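What follows is one structure encoded as C-alpha cells, with my remarks underneath.
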Amino acid sequence: MGRYLITSALPYINGIKHLGNLAGSMLPADVHARFRRMQGHEVLFICATDEHGTPAELGALEAGLDVRSYCDQQHDLQRDVCARFGLSFDWFGRSSSRQNRELTQHFAERLEEAGLIEERTTPQVYSIDDRRFLPDRYVEGTCPRCGYESARGDQCDNCGALLDPVDLIRPRSKISGSGRLEVRDTTHLFLLQDRMAERIRAWVDAAQEWPPLARSIAYKWLDEGLQPRAITRDLDWGVPVTKNGRPRPGFEDKVFYVWFDAPIEYIAATAEWADATGAEWRRWWLMPEGGDDVTYVQFMGKDNVAFHTVSFPVTLFGSGEPWKLVDRLKALNWVTWYGGKFSTSERRGVFMDQALDLLPADYWRWRLMANAPENADSAFTWSDFQNGVNADLVNVLGNFVNRVVRFGEARFESVVPDGGTPGPLELSLFEELDSHLRALTEHHDAMEFRRAAAETRAIWAAGNQYLQRAAPWSAIGADAPAAACSLRTALNLACLGARVSAPFLPYTARTILDAFGVADRPLRWPTAAAAVLLDELPRGQPVAPLPLLFRRIEDTEIADWSARFGGEE
RNA sequence: GGGCCCGUAGUUCAGCUGGUUAGAACACGCCGCUCAUAACGGUGUAGUCGCAGGUUCGAAUCCUGCCGGGCCUACCA
C-alpha cells in the first residue's frame, strides 16, 4: 500500500466559502482522499485557512474585532461547515499558527543564505487617512483609457486595461474613499525567482502527467521569464520578518506576503497535526525521511496554478533542502453562477452554510462532482441541480435501494434470503459489473470526477435494470428459490452501489451499509470479482428498515430558492 | 496587446495520436412492469459536429483565417 499526501488549496479566512470554492478544490480533494483511504492506502489529507493579508485586516476592522479574534471566529465557522459537508481533513490548520511562522521564517532565511533574496526599494501608494500602504487593487480611480470611474489600480474592469495605480485619474482609497494618497518608497524582500527558472522548467518538463491547464499556465510564466517577486508587505498581520531568528532591521513593521507563507502552511499544517496527535510530520515532507515514497497530490482552482507550479517550488527548491514536491496535480476550472462568477465579497451565489440549510451534504456533493468543472467552467443552475439530484439520487439510487429493501420486507421478512443459484441473468450482470468497477477505479485513480460519477451511476442503474429483468415479484409464486437468489443478488448490489458511492456520498453510503449490517470501517474499495461481491452478505442476516434516502426536490422549492438566491429569474 | 481553452442532438457533455451508419445522460414520444419516492425497464425521434477555406483516398478529429464565449497575464487571495 502506498502513502498519499493530499492537499486542497487553502480557503481564505474571510467568510464561509461558496459552492464554487468547494467544487474547485476542497470537495474533489475529499473525494480522492476517501477513495485512497478505501483502497487501504495511508492517507494524510491536509487543509487550512489562509489567514494573512489585507482582506483579513479589513474584515476584522469591519467586524470590530482585532485580527486574531476575527480569524479565530472565521476559522471556527469554516472548520464547522467543512466538517458538516463531510470534508474529511486529517487536519484543518491555520496559516497563522506558530508552526507556520517558524517554517516561513526558516524558508526565508534559507533562501537568503542561498543568495535568492534581495532588498529592493519601490514606490507604493500610501493612504494617509487609512494610515496604510494600499495594494494596487485597493486603489480606485478613473481609468485613463476609457474614463470608467471605478477602475482598480491594477486593472480597469470596464475596458480591461492593465494599469498602475499612479495612472488613475483622481485616485482614492477603496477602503475609506479618501483621496489623500501619496507615493512613498518602501523596502521589501524580493525572491529572485529568475535564478531558479531553469530548475523549475526542468521540473515542469518532467511533469508529463499534469493536466494541460496546469502545464500551459506554468510554461506561460516560464516563457515570459520569471521575475523577482516581493515576498513581504507593509502590514501588521502576518509572519514577522526575521534575520538570524531576530526581527530583521528595517522590517519591524512588515510581514511576509500571504502568498509566500500560504503554501508553506501545507507543511506547517502537517506539523500542527503532528504536534496535536503525536505523529511525525517529516516523513511526509522530507525526501530522506520518508517523503520519497509519498505520492503528493494537490488540488486547486485554475487561479492557483502558477503559485503551485512555480512560486512554491521556487521556495522549496531554493531552500536547498530535500523537500517533497507535488507529484500529481489536479487543477479545476470554475463553477459559474448564472453567467458570472460566484463572489465571496459580493455575496453572489450559494454559500456552504446556506446550502446545508437547504439540503444535506450528499445532494450537493453529488451534483457538484457529477458536473465538476474539469475541462471548462461549468454552470450551476437551480434547474440543473434539481434535475441532476432527482434523476440520479432519487430515481436511480434511492429508488433502487428502496424497492429492494421493501420487497425484502414484504416477502422475505427483511432477511438476506438463502436458496437458488445464479443463472444466465446473474452471470451477465457479473460481467457488466466487473467492467464498470474496472472503469470506475481507473477514473478515480486518474482523478476524473465526472467520469467516476457517471460510472458510479451506471452501477446503480444496473441495479434497476437487473431487478426489472429478474422480476422476483413475478417469480416468487412459481419458483421461490429463483426469487430468493434474485433478491439476494439485488441486496448485495445495493451494498456494492453504496460502497462505491462512498467517496461522493459518504453519509448515504454509511446509512445504507449500516442497515445491511456491513461492518468494515473504514470502508474497503471493492476489488473482488462481481460474482464474489454480489454474494457477500451472510444469508439469514437481517436488513434493518431504511427510510427514503433522498427526497425529491420540488419545483416550488426551486422557485423559492431562485427567488432567495437570485438567478433563474 | 500577448497566451491558453472552449464552441458536437432541446440541455449537460464523451468522442485519444484522422478510417465502417457521430455516442451517453437528462428531457421528449411510444410500449411494458407494478417490488418501488407516478419512481423502474425496453424502445424510438433528434445533430449540414460555430463559419469559410485547405491537406488527404478519407476530417468532428490535422492546418489557416474568421465569428462567438471563457480564463490567465505576476501587489486580491
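Proteins get letters first, then strands, A, B, ... in listed order; numbering begins at 1 in each. This is a predicted model, so every value here is computed, not measured.
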Anything under 3.5 Å between a protein N or O and an N or O of nucleotides 37-40 of chain B, put it in a table, one pair a line.
| unit_1 | atom_1 | unit_2 | atom_2 | d |
| --- | --- | --- | --- | --- |
| B:rU37 | OP1 | A:Arg406 | NH1 | 3.3 |
| B:rU37 | N3 | A:Phe550 | O | 2.6 |
| B:rU37 | O4 | A:Phe550 | N | 3.2 |
| B:rU37 | O4 | A:Phe550 | O | 2.8 |
| B:rA39 | O2' | A:Asn395 | O | 3.4 |
| B:rA39 | O2' | A:Asn399 | OD1 | 3.1 |
| B:rC40 | O2' | A:Arg403 | NH1 | 2.7 |
| B:rC40 | O2 | A:Gln468 | OE1 | 3.2 |

Find every protein N or O atom lying less than 3.5 Å from an N or O atom of nucleotides 7-12 of chain B, and list the pairs.
none

Below 3.5 Å is the cut-off: list the nitrogen or oxygen pairs between protein and nucleotides 75-77 of chain B, distance only.
| unit_1 | atom_1 | unit_2 | atom_2 | d |
| --- | --- | --- | --- | --- |
| B:rC75 | OP2 | A:Arg229 | NH2 | 3.4 |
| B:rC75 | O4' | A:Arg233 | NH2 | 3.1 |
| B:rC75 | O2' | A:Asp136 | OD1 | 3.3 |
| B:rC75 | O2' | A:Asp136 | OD2 | 2.3 |
| B:rC75 | O2 | A:Gln124 | NE2 | 3.2 |
| B:rC75 | N3 | A:Gln124 | OE1 | 3.0 |
| B:rC76 | OP2 | A:Arg137 | NE | 2.9 |
| B:rC76 | OP2 | A:Asp154 | OD2 | 3.4 |
| B:rC76 | O4' | A:Arg137 | NE | 3.1 |
| B:rA77 | OP2 | A:Tyr257 | OH | 3.3 |
| B:rA77 | O3' | A:Asp50 | OD2 | 2.1 |
| B:rA77 | N7 | A:Trp259 | NE1 | 2.9 |

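Residues forming a side-chain contact (heavy atoms from CB on, under 4.5 Å) with A:Asp377 (at least two apart in sequence, or on another chain): A:Lys302, A:Asn333, A:Trp334, A:Thr336. Annotation: ring-ring contact (aromatic ring centres under 6.0 Å, His included) contacts of A:Tyr126 (sequence neighbours excluded): A:Phe133. With sequence neighbours excluded, the residues satisfying ring-ring contact (aromatic ring centres under 6.0 Å, His included) with A:Phe92 are A:His75, A:Phe89. Applying the ring-ring contact (aromatic ring centres under 6.0 Å, His included) criterion to A:Tyr266, with sequence neighbours excluded, gives A:His308. A:His444 is linked by a ring-ring contact (aromatic ring centres under 6.0 Å, His included) to A:Phe35, A:Phe504, A:Trp525, counting only residues two or more places apart in sequence or in another chain.
A:Asn100 and A:Arg94 share no side-chain donor-acceptor pair at under 3.5 Å.
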Step by step, work out the salt bridge (charged side-chain N to carboxylate O under 4.0 Å, His left out) result for A:Glu118 and A:Arg120. CA-CA 6 Å; A:Glu118 192 173 283; A:Arg120 293 190 181 182; 2.9 Å; yes
Under 3.5 Å, side-chain donor or acceptor atoms of residues 469-498 of chain A against the rest of the protein: list the pairs with distances, not counting sequence neighbours.
| unit_1 | atom_1 | unit_2 | atom_2 | d |
| --- | --- | --- | --- | --- |
| A:Asp479 | OD1 | A:Ala482 | N | 3.3 |
| A:Ser486 | OG | A:Ala482 | O | 3.0 |
| A:Arg488 | NH1 | A:Pro417 | O | 3.0 |
| A:Arg488 | NH1 | A:Gly419 | O | 2.7 |
| A:Arg488 | NH2 | A:Gly419 | O | 3.2 |
| A:Arg488 | NH2 | A:Gly420 | O | 3.3 |
| A:Thr489 | OG1 | A:Cys485 | O | 2.8 |
| A:Asn492 | OD1 | A:Glu536 | N | 3.0 |
| A:Asn492 | OD1 | A:Leu537 | N | 2.9 |
| A:Asn492 | ND2 | A:Arg488 | O | 2.9 |
| A:Asn492 | ND2 | A:Leu534 | O | 3.2 |

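At the heavy-atom level, A:Lys220 lies under 4.0 Å from base atoms of the strands shown.
Applying the ring-ring contact (aromatic ring centres under 6.0 Å, His included) test to pairs two or more places apart or on separate chains, those with a residue in residues 384-411 of chain A are A:Trp364-A:Phe385, A:Phe380-A:Phe385. For the salt bridge (Lys or Arg N to Asp or Glu O under 4.0 Å) condition, the pairs that include at least one residue of residues 53-63 of chain A, sequence neighbours left out, are A:Glu57-A:Arg132.
Base pairing in RNA chain B yields stems of at least 3 consecutive Watson-Crick or G-U pairs, both distances under 3.5 Å, namely B:1-7 with B:67-73, B:10-13 with B:23-26, B:28-32 with B:40-44, B:50-54 with B:62-66.
Atom CG of A:Leu467 and atom P of B:rC33 are 16 Å apart (whole Å).
An aromatic stacking contact between A:Phe407 and the base of B:rC35 is absent, as defined here by ring centres under 5.5 Å apart and ring planes under 30° from parallel.
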